[in-house]
Amino acid sequence: MTAAPGDAPPPVETFPNARSGVGPVVVSAEELRERVLALGAVITADYEGRAPLLVGVLKGAYMFMSDLARAIRLPVEVDFMAVSSYGSATRTSGIVRIVKDLDADLTGRHVLVVEDIVDSGLTLSYLQRYLMARGPASLAVCALLVKEGQQRAPLDLRYVGFRIPAEFVVGYGLDADERLRNLDAIHVLADPSSSAS
Ligand code: IMP
Ligand code: MG
């Protein structure tokens, strides 16, 4: 069958192996939608009269960032950084490398870091120190997911979407070795070894 321009794309499930390795749902698409709207409303109230700069941490936060930005009723600006802390393993290395730096000048800005998931917290504590050194007026973090009991040092997370058990999860931007970011819910990765293709 050939697709005509304008046809809706076929569901991802129809692609061979599109969901291989995908386990049970941890946070459903509906729960994500509701929580992101609620976070947007709280952020809108907290930053009233200001124009926060949302700093998304690529790649995992791209989908959350896109939905969150639309849920904030303020003149936000967006910028992105890319950091690498994992390589292709599913456990943290503790080594954070800046792959793409920010374009924006942070001096005097109200910066809100938008993160996909906090596991050990090493990535975020590194980023917080790095961004604070650039003289923002304020710096806060909005993390969609926090893995319970994994943080090695206390972190100041002002906004949290969901606290989840310490399992490796995929979907809604989060990957296993670059796969499964396009799932619309957060799932457990059924078999972490299956991500090594
Ligand atoms: P941390 O430095 O251990 O807190 O790890 C944070 C980064 O590792 C996140 O921004 C993610 O990119 C990645 N990460 C941690 N846990 C998961 C997971 O369960 N699924 C996908 N990526 C994860
Ligand atoms: Mg990742």
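One-based numbering, in listed order, for ligands and for the atoms of each. The first residue in the sequence is number 1, and the count goes up from there.
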May I ask whether Lys59 has any heavy atom positioned less than 4.0 angstrom from an atom of ligand 1? no

By number and element, which atoms of ligand 1 are closer than 4.0 Å to a non-hydrogen atom of Ser120? 1 (P), 2 (O), 3 (O), 4 (O)

Anything under 30° is parallel, anything over 60° is perpendicular, the rest tilted; go ahead and classify His110 against Tyr47. perpendicular

In terms of heavy-atom contacts, Ala166 and Glu148 come closest through CB-O, 3.9 Å

Work out whether the distance between some heavy atom of Gly60 and some atom of ligand 1 is less than 4.0 Å. no

More than 12 non-hydrogen atoms from neighbouring residues, nucleotides or ligands closer than 6.0 Å to CD on Glu178, yes or no? yes

Before giving the answer on salt bridge (charged side-chain N to carboxylate O under 4.0 Å, His left out), spell out for Arg109 and Asp79 the whole-Å C-alpha distance, their side-chain angles and the decisive distance to 0.1 Å. CA-CA 12 Å; Arg109 300 300 309 266; Asp79 201 351; over 6 Å; no

Here the atoms of ligand 1 under 4.0 Å from any heavy atom belonging to Glu167 are 19 (O)

Would you name the heavy atoms of Val118 and Gln151 that are closest together and state the gap between them? O-NE2, 3.5 Å

Using distance alone, determine whether Val169 and ligand 1 share an N or O pair under 3.5 Å. yes

Find out whether Val76 and Leu112 are in side-chain contact, i.e. whether some heavy atom of one side chain is under 4.5 Å from a heavy atom of the other. no

Per-atom contacts, ligand 1 versus Asp175 - under 4.0 Å to a heavy atom: 21 (C)

Using distance alone, decide if ligand 1 has a nitrogen or oxygen within less than 3.5 Å of any nitrogen or oxygen in Val170. no

For Glu115, take its heavy atoms, then give the atoms of ligand 1 lying under 4.0 Å from any of them. 10 (O)

Working to the nearest 0.5 Å, report the span between CG of Leu39 and CG of Leu144. 8.0 Å

With a 4.0 Å heavy-atom cut-off (strictly under), which part of Lys147 contacts ligand 1: side chain, backbone, both or neither? side chain

Could you work out, for atom 23 (C) of ligand 1, the closest of Val57, Leu124, Ile117, Val118 by heavy-atom distance? Ile117

